*Asks:* 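If you scroll down you'll find the structure; I have some questions about it.
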There are 2 protein chains.
Amino acid sequence: MIQIDYANSESIYIQIKENIKKLILSGGLKPDEMIPSVRSLASTLAINVNTVLRAYKELELEGYIYSVQGKGNFVSGNNNSLKEKSVEDFKEKLGKLVKEADYINITLEEFINMAKELYSDKEER
Amino acid sequence: MIQIDYANSESIYIQIKENIKKLILSGGLKPDEMIPSVRSLASTLAINVNTVLRAYKELELEGYIYSVQGKGNFVSGNNNSLKEKSVEDFKEKLGKLVKEADYINITLEEFINMAKELYSDKEER
DNA sequence: CAAGTGTTATAGTACAGATATAACACTAAT
DNA sequence: ATTAGTGTTATATCTGTACTATAACACTTG
């Protein structure tokens, strides 16, 4: 369900966060569905409880999950605002990339062609 | 010429690298043009010489600049391979973004529309 | 009550980034 | 030759972040 890549330079708790965010946004995790307990995930991934806790706490702050004492952590109900926020985040990243394209003189047409290509690559999986 | 943003989470030496890369790729710095000496840049930015040195050393390794003992650091002559490489890097980033778009169910059409919008925003500057 | 859950707190380790300082080597101008 | 400006190398230190280790406390469910 959740995987850590030690070759990845991102820190463990960030990887856990991203992993769960993606699962929630893609629909792999449904609202009010329980996610692994801090202890079980820590044990599965062979990491410390506090590392998982940190990821979960930030996910809670960002509205992706909610935690209930003695019961566990659950996916938030309101996906809509989350989706909106993630689209905004996405747009910001795209904006940066467009700016970068500018530096190396990539035109809009070239940009779109690359995107089309990458999209179709994706579907060939 | 070069600016450090302490609010940016990127480390100082990375910011220096990116700054200079952009200047070179955009043509703001011409081949064989001298860039600020390690000492002067360190003094201007109120940072340590070693931090600048680290950025310059990596830029040299990546082929963007070359250094001459006693004279200074200069922009590399061969921009072509650099441009190619930067386009490749760019494509990789775009690929990641496309993957991310997938998670939040952004279609190719939506993606292209956003890109068009951001490109035109850019021109309105 | 016991087992499983989240929570809080503290201390310790490891590493990366940045600093401080110094010494050495080369180049160009005087 | 001297001086000022350049890059280079080396070492030690400080700081913050990530992660670990451990423990204790609080809540929920069977």
Side-chain angles (χ1 to χ4, degrees), chain A residues 1-21 24 29 31-77, chain B residues 1-21 24 29 31-77:
Chain A
M1 181 184 188
I2 289 160
Q3 292 211 330
I4 300 300
D5 174 10
Y6 285 97
N8 190 328
S9 63
E10 286 293 355
S11 56
I12 299 176
Y13 85 97
I14 296 283
Q15 288 188 49
I16 294 174
K17 274 183 68 182
E18 294 305 316
N19 240 295
I20 293 179
K21 269 191 193 175
I24 292 174
L29 281 173
D32 297 317
E33 183 174 346
M34 183 177 173
I35 66 177
S37 77
V38 288
R39 281 186 180 77
S40 72
L41 185 57
S43 149
T44 303
L45 301 177
I47 58 176
N48 194 274
V49 181
N50 295 316
T51 305
V52 178
L53 188 62
R54 179 164 186 188
Y56 280 16
K57 275 294 136 199
E58 293 201 3
L59 284 170
E60 190 181 17
L61 272 175
E62 293 173 26
Y64 289 89
I65 64 175
Y66 60 91
S67 79
V68 184
Q69 271 262 36
K71 298 184 80 173
N73 286 275
F74 306 86
V75 176
S76 276
Chain B
M1 180 184 188
I2 289 160
Q3 292 211 330
I4 300 301
D5 174 11
Y6 286 98
N8 189 328
S9 64
E10 285 294 356
S11 56
I12 298 177
Y13 86 97
I14 296 283
Q15 288 189 49
I16 295 174
K17 274 183 67 181
E18 295 304 317
N19 241 294
I20 294 180
K21 268 191 195 176
I24 292 175
L29 282 173
D32 298 316
E33 183 175 346
M34 184 176 171
I35 64 177
S37 77
V38 289
R39 281 186 179 79
S40 73
L41 186 57
S43 150
T44 303
L45 301 177
I47 59 176
N48 195 274
V49 182
N50 295 315
T51 307
V52 178
L53 188 64
R54 179 164 186 188
Y56 280 16
K57 276 293 137 201
E58 292 200 3
L59 284 169
E60 189 181 16
L61 272 175
E62 293 173 26
Y64 288 89
I65 64 175
Y66 61 92
S67 79
V68 183
Q69 271 262 36
K71 298 183 81 172
N73 286 274
F74 306 85
V75 177
S76 275

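As the structure is a computational prediction, the values presented were derived from the model and not from experiment. Quick note on labels: first sequence line is chain A, next is B, and so on, each numbered from 1.
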*Asks:* Find the distance B:Lys17:NZ to C:dA18:C1' and express it as a whole number of Å.
*Replies:*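 Going from B:Lys17 (NZ) to C:dA18 (C1'), I get 16 Å.
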
*Asks:* Between A:Ser67 and A:Lys57, which heavy-atom pair has the shortest distance, and what is it?
*Replies:*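 So the two residues come closest at OG-NZ, 4.0 Å.
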
*Asks:* For A:Arg39, is there any backbone N or O sitting under 3.5 Å from a side-chain donor or acceptor partner on A:Ser43?
*Replies:*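 Looks like no, no N/O pair under 3.5 Å.
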
*Asks:* So if I take every side-chain heavy atom of A:Leu53 and compare against C:dT5, D:dT8, C:dT7, which nucleotide ends up nearest?
*Replies:*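 It is C:dT7.
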
*Asks:* Between C:dG6 and A:Lys57, is there an OP1 or OP2 to side-chain N/O distance shorter than 4.0 Å?
*Replies:*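 No, no such contact exists.
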
*Asks:* Find the distance A:Met34:CE to C:dT5:P and express it as a whole number of Å.
*Replies:*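 Result: 6 Å.
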
*Asks:* Does a side-chain N or O of A:Lys71 approach OP1 or OP2 of D:dT29 to a distance below 4.0 Å, or not?
*Replies:*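 Yes, A:Lys71 has a side-chain N/O under 4.0 Å of OP1/OP2 on D:dT29.
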
*Asks:* Over how many whole Å does the gap from B:Leu45 atom CG to C:dT19 atom C1' extend?
*Replies:*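 Taking atom C1' of C:dT19 as the reference, CG of B:Leu45 is at 15 Å.
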
*Asks:* Do nucleotides 16-26 of chain D as a string where each nucleotide becomes B, S or -: B if the base has a protein heavy atom under 4.0 Å, S if just the sugar-phosphate does, - if no protein is that close.
*Replies:* --SSBBB-B-B

*Asks:* Search all heavy atoms of A:Tyr66 against all heavy atoms of A:Val75 and return the closest pair with its distance.
*Replies:*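 Smallest heavy-atom distance, with atoms named: CE2-O, 3.3 Å.
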
*Asks:* What are the two closest non-hydrogen atoms of B:Asn8 and B:Glu10, and how far apart are they?
*Replies:*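 Nearest pair, atom of B:Asn8 first, then B:Glu10: OD1-N, 2.7 Å.
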
*Asks:* Rounded to whole angstrom units, what separation is found between the CD atom of A:Glu58 and the P atom of C:dT7?
*Replies:*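 Between P of C:dT7 and CD of A:Glu58: 14 Å.
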
*Asks:* Which heavy atom of A:Gln3 sits nearest a heavy atom of A:Gln15, and at what distance?
*Replies:*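 Here A:Gln3 and A:Gln15 meet closest at O-OE1, 4.1 Å.
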
*Asks:* Take the C1' atoms of the five end pairs on each side of the helix from C:dC1-D:dG30 to C:dT30-D:dA1, derive the two axes, and give their angle rounded to 10 degrees.
*Replies:*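 Inter-axis angle at the termini of the helix from C:dC1-D:dG30 to C:dT30-D:dA1: 10°.
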
*Asks:* In whole angstroms, how far is the C1' atom of C:dT5 from the OH atom of A:Tyr66?
*Replies:*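 Distance, rounded to whole Å: 14 Å.
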
*Asks:* Send over the distance from B:Asn73 CG to D:dG5 P, rounded to a whole Å.
*Replies:*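 In whole Å, D:dG5 P and B:Asn73 CG are 17 Å from each other.
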
*Asks:* Minimum heavy-atom separation for A:Tyr56 and A:Ile20, please, with both atom names.
*Replies:*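 Result for this residue pair: CE1-CD1, 3.6 Å.
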
*Asks:* Provide, to the nearest angstrom, the distance between the CD atom belonging to A:Glu60 and the C1' atom belonging to C:dG6.
*Replies:*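 Between C1' of C:dG6 and CD of A:Glu60: 10 Å.
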
